[in-house]
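Read through the structure below, which is laid out as structure tokens, and then see the notes.
Each residue takes its place number in the sequence, starting with 1. Reckoned from all heavy atoms, side chains included, excluding hydrogens, waters and symmetry mates. Everything numeric in this text was worked out from a predicted model, so none of it was measured.
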Amino acid sequence: MDAPALPGLAELRGSARVVSLPLRVRFRGIEHREALLIEGPHGWGEFAPFPEYPDEEAATWLAAAISAAWQPPPSALRSAIPVNATVPAVPAADVPAVLARFPGATTAKVKVAERGQVLADDLARVAAVRELVPTVRIDANGAWTVEEATAAIEQLGELEYVEQPCRTVEELATLRGRVDVPIAADESIRRASDPLRVARMRAADIAVIKVSPLGGPARVLGIAEHLAAAGMRVVVSSAIDTAVGIGAGLATAAALPELHHACGLATSRLLLDDVAEPPAWTAGAMLAERPVPDPAALSRLAPSPERQQWWLDRLDRCHRLLAERPAAAV
């Protein structure tokens with residue numbers, strides 16, 4: 001599917017709504033998730049690159065929002081998507097309360113290597129999760145060296161896979177040759193100028209792909225096809241999206257030819273409030289639906305005028321960058 005023509009800035013600004021969603025627990029160093037939503041002929045799209053991301057990187061997130069709102073969703077091959085619980089870097093005693101928000105989940109992703117914590121904290125948290133959920137995967141967000149990752153994996157017990165244990169593709173390739181646990185790549189794909197390099201270097205077994213950072217559902221499905229051809233399995237995940245972004249992720253997961261693992265698309269349950277009711281949840285799976293924002297929620301969740309203007313200014317800059325890119329890259 002060809003990328004949609006770039007809408008004019010006035011058209012994007014005309015429907016733009018900025019929201020700030022409170023989190024139940026601190027996650028990735030934030031307590032509120034901000035996003036700018038836009039409405040197009042095929043529904044709503046989400047523009048929500050993290051504030052520290054440079055405009056050149058953030059512009060791809062805008063391309064994803066435009067793709068979701070100006071293109072029809074991909075053809076679905078399944079109606080329900082198995083999803084994992086997500087456990088932030090909380091104390092082990094808090095794990096049962098976190099998992100209670102994910103009824104029926106049989107897989108949990110556990111955050112480890114949090115700044116200010118030590119391996120003993122990770123071991124306790126993973127052990128607490130394992131008492132309640134049979135399948136455990138961990139995510140280090142690239143915080144370990146190869147040596148630290150090797151030592152941690154030896155102590156953490158049976159794992160479905162280890163997500164982004166080290167920062168660079170080269171480190172992932174080295175670690176993969178040292179351990180038996182499957183290695184998954186996240187940042188090495190979504191924040192890379194060449195998302196397929198990890199496959200060429202045989203640096204990971206699994207690709208964690210996120211719709212917004214990679215430019216939208218159509219582009220993600222193209223990348224997933226190349227990764228699968230290289231022998232990598234694909235997991236669709238979220239970047240702590242609003243219900244709008246979750247809908248785009250579910251539509252993408254529904255269109256994948258194969259789905260071997262639970263997807264990381266239940267992160268709405270880490271939010272105290274959202275722009276819409278998340279898609280229906282049953283037996284550890286979510287229906288592949290696209291929620292529509294509630295006008296009352298859009299008003300309730302609007303941040304200060306200064307933050308709204310910050311996002312509109314960012315929209316202007318990223319739109320300008322997209323206008324300078326070749327049409328195929330938008």
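Salt-bridge check for D194 with R200: passed, with a basic side-chain N closer than 4.0 Å to an acidic carboxylate O. Salt-bridge formation is not detected for the pair R191/D186: no Lys NZ or Arg NE/NH1/NH2 atom is positioned less than 4.0 Å from an Asp or Glu carboxylate oxygen. Look at E154 and R178 and you find no salt bridge, because none of the NZ, NE, NH1 or NH2 atoms lies under 4.0 Å from a carboxylate O. Under the 4.0 Å criterion applied to side-chain N and carboxylate O atoms, D122 and K111 are not assigned as salt-bridge partners.
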Report the C-alpha distance between E171 and T174 in whole Å, list the side-chain angles of each, state the deciding distance to 0.1 Å, and finish with yes or no for side chain to side chain donor-acceptor pair (under 3.5 Å).
CA-CA 5 Å; E171 288 173 316; T174 299; over 6 Å; no

Derivation of the side chain to side chain contact (heavy atoms under 4.5 Å, CB included) call for D316 and L9
CA-CA 7 Å; D316 294 355; L9 181 59; 3.5 Å; yes

When you look at R307 and E34, which way does the salt bridge (charged side-chain N to carboxylate O under 4.0 Å, His left out) test go after all the steps?
CA-CA 9 Å; R307 291 306 299 167; E34 292 185 342; 2.7 Å; yes

Given the rule in the side chain to side chain contact (heavy atoms under 4.5 Å, CB included) test, do D55 and R314 qualify, once you have shown the distances and angles that lead to the verdict?
CA-CA 8 Å; D55 287 347; R314 195 182 203 190; 4.2 Å; yes

Between R125 and Q117, does the side chain to side chain donor-acceptor pair (under 3.5 Å) criterion hold? Intermediate values first, please.
CA-CA 11 Å; R125 186 180 313 113; Q117 297 186 7; 2.5 Å; yes

In sequence, state the C-alpha distance, the side-chain angles, and the governing distance for L270 and T86, and then conclude on side chain to side chain contact (heavy atoms under 4.5 Å, CB included).
CA-CA 8 Å; L270 299 175; T86 298; 4.0 Å; yes

Going through the distances and angles, do K109 and S237 end up as a side chain to side chain contact (heavy atoms under 4.5 Å, CB included)?
CA-CA 11 Å; K109 179 169 85 168; S237 191; 4.2 Å; yes

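Transitive grouping of hydrophobic side chains (ILVMFWY, heavy atoms separated by less than 4.5 Å) keeps L321 and W311 in distinct clusters. Each of L159 and V235 belongs to its own hydrophobic cluster when Ile, Leu, Val, Met, Phe, Trp and Tyr are linked at side-chain heavy-atom distances under 4.5 angstrom. L227 and I206 are members of different hydrophobic clusters when ILVMFWY side chains are connected at heavy-atom separations under 4.5 Å. With hydrophobic clusters built from ILVMFWY side chains whose heavy atoms lie under 4.5 angstrom apart, V162 does not share a cluster with V208. Under the 4.5 Å side-chain heavy-atom criterion for Ile, Leu, Val, Met, Phe, Trp and Tyr, I30 and L271 are members of the same hydrophobic cluster.
Between the side chain of R176 and the backbone N or O of R202 there is at least one donor-acceptor pair closer than 3.5 Å. Although no hydrogens or angles enter the test, the distance criterion places no donor-acceptor pair under 3.5 Å between the side chain of E57 and the main chain of P54. Not one N or O on the side chain of R317 forms a donor-acceptor pair closer than 3.5 Å with the backbone of E56. Looking only at distances, no side-chain donor or acceptor of D121 sits under 3.5 Å from a matching main-chain atom of L119. Formation of a donor-acceptor pair under 3.5 Å by the Q164 side chain with backbone atoms of E187 is found in this model. The backbone N or O of G216 lies less than 3.5 Å from no partner atom in the side chain of S67, so there is not a single donor-acceptor pair. Side-chain N or O atoms of N84 include one that pairs as donor or acceptor with a backbone N or O of G264 at under 3.5 Å. H32 places no side-chain N or O within donor-acceptor distance of the main-chain N or O of V19, the cut-off being under 3.5 Å. No donor-acceptor pair closer than 3.5 Å links the side chain of Q155 to the backbone N or O of L123. Of the possible donor and acceptor atoms, none in the side chain of Q309 sits under 3.5 Å from a partner among the backbone N and O of E306.
Proximity of P279 to P291: side-chain heavy atoms (C-beta onward) are separated by under 4.5 Å at one or more points. For the pair Y53 and P213, the minimum side-chain heavy-atom distance is 4.5 Å or more. Considering only heavy atoms from C-beta on, L301 comes within 4.5 Å of P22 through its side chain. With contacts defined as side-chain heavy-atom distances shorter than 4.5 Å, the pair L287/W281 does not qualify. Counting only heavy atoms from C-beta outward, the side chains of R78 and L256 approach each other to under 4.5 Å. In this structure the side chain of R17 never reaches within 4.5 angstrom of the side chain of L36, judged on heavy atoms. At least one side-chain heavy atom of L175 sits under 4.5 Å from a side-chain heavy atom of I153. In this structure the side chain of L214 reaches within 4.5 angstrom of the side chain of I223, judged on heavy atoms.
Note that the CD1 atom of I189 and the CD1 atom of I209 stand 7.5 Å from one another [nearest 0.5 Å]. A distance of 13.5 Å separates CZ in R325 from CZ in R320, rounded to the nearest 0.5 Å. Distance check, rounded to the nearest 0.5 Å: CG of L99 to CZ of R269 gives 12.0 Å. Taking CZ of R101 as the start and OG1 of T267 as the end, the distance is 13.0 Å to the nearest 0.5 Å. Taking CD1 of I246 as the reference point, atom OG of S268 lies at 4.5 Å (rounded to 0.5 Å). To the nearest 0.5 Å, atom CD of residue E11 and atom CH2 of residue W70 are 5.0 Å apart.
Residues L259 and P82 come closest through the heavy atom pair CD2-CD, 4.1 Å. The heavy-atom pair separating R290 from P73 by the smallest distance is NH1-CD, 4.0 Å. Contact detail for F47 and W61: the closest heavy-atom pair is CD1-C, 3.8 Å. L23 and I240 make their closest contact through CD2-CG2, 3.9 Å (heavy atoms, listed as atom of the first residue, atom of the second, distance). Shown here for A16 and L312, the closest heavy-atom pair between the two residues is CB-CD2, 4.1 Å. Scanning all heavy atoms of the two residues, the minimum distance from A185 to V198 falls at CB-CG2, 3.8 Å.
Between the side chains of E46 and T242, a donor-acceptor pair is found at a separation under 3.5 Å. In summary, the side chains of T150 and E147 do not present any donor paired with an acceptor at a separation below 3.5 Å, with no hydrogens or angles considered.
A cation-pi arrangement is absent between R233 and Y161, since the terminal nitrogen or guanidinium carbon is not both under 6.0 Å from the aromatic centre and inside a 45° cone about the axis.
Heavy atoms from other residues, nucleotides or ligands lying under 6.0 Å from CZ of R167 number 12 at most. Heavy atoms from other residues, nucleotides or ligands lying under 6.0 Å from CD of E52 number more than 12.
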